[in-house]
Protein chains: 2
Amino acid sequence: MERQDLRKAGLKVTSPRLKVLQILEHSQQRHMSAETIYRALLDSGEELGLATVYRVLTQFERAGLVSRNNFEGGQAVFELADRTHHDHMVCLETGKVTEFFDERIEVLQREIAEKYGYSIEDHSLVLYVRPKK
Amino acid sequence: MERQDLRKAGLKVTSPRLKVLQILEHSQQRHMSAETIYRALLDSGEELGLATVYRVLTQFERAGLVSRNNFEGGQAVFELADRTHHDHMVCLETGKVTEFFDERIEVLQREIAEKYGYSIEDHSLVLYVRPKK
DNA sequence: ATGCCTGCAAAGCTTTTGCAGATGC
DNA sequence: GCATCTGCAAAAGCTTTGCAGGCAT
């Protein structure tokens with residue numbers, strides 16, 4: 001239940017927070033910008049401010065409930081952090097986002113970082129693709 | 001010679017364009033934001049506007065003379081497009097940017113895109129790392 | 001009761017753009 | 001000479017923040 005998630009994160013259970021969580025859980029698209037979430041809520045008759053959506057998403061991110069992706073195109077997109085690590089593929093024609101995970105790439109990345117005397121804290125891999133003709 | 005590069009790109013040879021190219025060629029850091037380039041030029045006594053730096057960089061990018069990287073932290077960084085394709089590693093402690101290339105990762109990426117019926121148009125791989133203790 | 005939230009409006013930051021004058025060819 | 005540039009200031013787009021009132025507990 002979402003209320004627990006919020007409490008566990010030290011956040012009071014408020015209407016805007018529940019609404020945003022619910023949109024992220026039940027919307028057909030898994031990856032949404034703050035603005036998209038905001039509009040979805042307005043359209044379903046909810047009253048809240050865009051600033052609140054941003055604030056709530058930032059708190060959720062810090063709490064580990066959602067993750068933020070900076071794809072090309074200005075707006076960050078958020079997704080529920082209910083899955084294990086994965087990377088993304090963005091279709092340049094439809095905007096569709098596909099998630100994928102490949103352990104071999106993960107291993108190679110660690111190997112490369114190590115070769116330079118580093119260890120990986122975080123990484124970002126995005127493929128911008130087009131349907132193959 | 002830089003003047004040729006500019007002409008070839010259909011750009012008039014102007015002072016701001018030459019200056020920006022020279023900074024990119026001769027600065028100790030290879031990856032610079034528009035603002036950093038702008039400051040470097042001001043500091044060396046050149047007169048030009050920040051808007052011009054942005055305009056010039058965008059034109060250079062379109063002409064294939066520089067490439068733009070969107071690392072975390074708001075500002076895009078530019079580098080001379082004088083090398084073959086490579087990816088980046090950014091040290092979270094020093095900000096140092098290291099370039100690397102691994103054909104195995106490239107192959108895996110193509111393989112994955114293909115599995116989903118796509119072909120890769122572009123991709124972005126950035127490792128955020130820390131010195132290994 | 002009180003400390004955490006929210007909405008609104010304003011501000012912040014990076015980047016882009018309109019316009020009038022300047023400059024390369 | 002004329003199209004292309006440049007600088008300046010203003011605008012744009014996304015996101016954050018200050019503040020005064022509102023709500024959860």
Side-chain angles (χ1 to χ4, degrees), chain A residues 1-23 31-42 45-63 65-79 95, chain B residues 1-23 31-42 45-63 65-79 95:
Chain A
M1 205 196 188
E2 304 106 354
R3 313 177 97 85
Q4 309 301 333
D5 297 329
L6 291 176
R7 292 216 178 79
K8 210 179 307 175
L11 299 171
K12 282 190 179 163
V13 177
T14 63
S15 169
R17 286 175 180 158
L18 284 174
K19 304 285 176 43
V20 169
L21 262 192
Q22 285 165 3
I23 283 285
H31 303 83
M32 306 176 77
S33 68
E35 178 115 25
T36 308
I37 293 170
Y38 171 65
R39 294 220 172 292
L41 286 170
L42 287 197
E46 306 297 340
E47 293 288 319
L48 86 177
L50 177 55
T52 299
V53 175
Y54 273 106
R55 246 181 318 226
V56 161
L57 286 169
T58 302
Q59 295 160 341
F60 286 0
E61 187 189 17
R62 195 164 349 162
L65 293 174
V66 310
S67 48
R68 179 192 302 247
N69 299 287
N70 293 298
F71 299 153
E72 303 208 335
Q75 267 158 284
V77 304
F78 299 82
E79 68 182 290
Chain B
M1 203 196 191
E2 303 107 355
R3 313 178 98 85
Q4 309 301 335
D5 297 329
L6 292 176
R7 292 214 180 79
K8 210 179 306 175
L11 299 171
K12 283 188 180 168
V13 176
T14 64
S15 169
R17 286 174 179 159
L18 284 174
K19 304 285 176 41
V20 170
L21 261 191
Q22 285 164 3
I23 283 285
H31 303 83
M32 306 177 76
S33 68
E35 178 116 25
T36 307
I37 293 170
Y38 171 65
R39 294 220 172 292
L41 286 170
L42 288 197
E46 306 295 341
E47 293 289 320
L48 85 178
L50 177 56
T52 301
V53 175
Y54 273 106
R55 247 180 317 224
V56 161
L57 285 169
T58 301
Q59 295 161 342
F60 285 0
E61 187 190 16
R62 195 164 347 161
L65 292 176
V66 310
S67 48
R68 180 192 303 246
N69 300 287
N70 293 298
F71 299 153
E72 303 209 333
Q75 267 158 286
V77 303
F78 299 83
E79 68 181 291

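In what follows, every chain begins at residue 1, and chains take the letters A, B, ... in the order their sequences are listed.
- Closest contact between the side chain of A:Thr58 and the listed nucleotides C:dT15, D:dG7, D:dT16 involves D:dT16.
- In this structure, the CG atom of B:Leu42 is 10 Å from the P atom of D:dG7, given to the nearest Å.
- Regarding A:Phe78, its CZ atom lies at a distance of 11 Å from the C1' atom of D:dC14, rounded to whole Å.
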Donor-acceptor pairs under 3.5 angstrom involving side-chain atoms of residues 66-74 of chain B: please list them, not counting sequence neighbours.
{"from": "B:Arg68", "atom 1": "NE", "to": "B:Glu61", "atom 2": "OE1", "distance (Å)": "3.1"}
{"from": "B:Arg68", "atom 1": "NH2", "to": "B:Thr58", "atom 2": "OG1", "distance (Å)": "3.4"}
{"from": "B:Arg68", "atom 1": "NH2", "to": "B:Glu61", "atom 2": "OE1", "distance (Å)": "3.3"}
{"from": "B:Asn69", "atom 1": "ND2", "to": "B:Glu79", "atom 2": "OE2", "distance (Å)": "3.0"}

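- Interatomic distance, CG of A:Leu11 versus CG of A:Leu65, reported as 7.5 Å (0.5 Å rounding).
- We find the NE2-OG1 distance between B:His31 and B:Thr36 to be 12.5 Å, quoted to the nearest 0.5 Å.
- Atom CG of B:Asn69 is separated from atom C1' of C:dT15 by 17 Å (rounded to the nearest Å).
- In this structure, CD on B:Glu47 lies 10.5 Å from OG on B:Ser15, to the nearest 0.5 angstrom.
- Atom CD of A:Gln4 is surrounded by more than 12 heavy atoms from other residues, nucleotides or ligands within 6.0 Å.
- Contact between the side-chain N/O atoms of B:Tyr54 and the OP1/OP2 oxygens of C:dT15 is found at a separation under 4.0 Å.
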Self-check item: CA sep, side-chain torsions, deciding dist, call: B:Phe60, B:Leu6, side-chain contact (heavy atoms from CB on, under 4.5 Å)
Solution: CA-CA 9 Å; B:Phe60 285 0; B:Leu6 292 176; 3.5 Å; yes
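- Nearer to the 5' terminus of DNA chain C, by closest-nucleotide assignment, is the contact made by A:Thr52 (compared with the other of A:Thr52 and B:Ser33).
- Straight-line distance from the CD atom of A:Glu72 to the C1' atom of D:dG13: 17 Å, rounded to whole Å.
- Atom P of nucleotide C:dC13 and atom CG of B:Leu50 are separated by 14 Å, given to the nearest angstrom.
- A:Leu42 contributes atom CG, which lies 12.0 Å from atom CD1 of A:Ile37 (distance to the nearest 0.5 angstrom).
- In this entry the distance linking CD of B:Glu35 with P of C:dT16 reads 14 Å, nearest Å.
- Taking five base pairs at each end of the helix from C:dA1-D:dT25 to C:dC25-D:dG1 and finding the rotation axis that steps the C1' atoms of four pairs onto the next four gives two axes whose angle is 30°, to the nearest 10°.
- Using a 4.0 Å heavy-atom criterion, one finds that A:Ala34 contacts no nucleic acid atom at all.
- Taking atom CD on B:Glu46 and atom P on D:dT6, their separation rounds to 13 Å, with Å as the unit.
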Quiz item: In B/S/- notation, 5' to 3', how is nucleotides 18-25 of chain D contacted by protein heavy atoms closer than 4.0 Å?
Solution: B-----BS
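- The residue A:Glu47 sits close only to the backbone: its heavy atoms come under 4.0 Å of sugar-phosphate atoms, none of a base.
- Between D:dG7, C:dT14, C:dG7, one nucleotide has an atom nearer to the side chain of A:Leu48 than all others, and that is C:dG7.
- Note: CG (B:Leu6) to C1' (C:dC25) measures 14 Å, nearest angstrom.
- Checked by atom type and distance alone, the side chain of A:Arg17 pairs as donor or acceptor with a backbone atom of A:Lys12 at under 3.5 Å.
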Practice problem: Determine, stepwise, if the pair A:Leu48 / A:Val56 fulfils side-chain contact (heavy atoms from CB on, under 4.5 Å). | Solution: CA-CA 11 Å; A:Leu48 86 177; A:Val56 161; over 6 Å; no
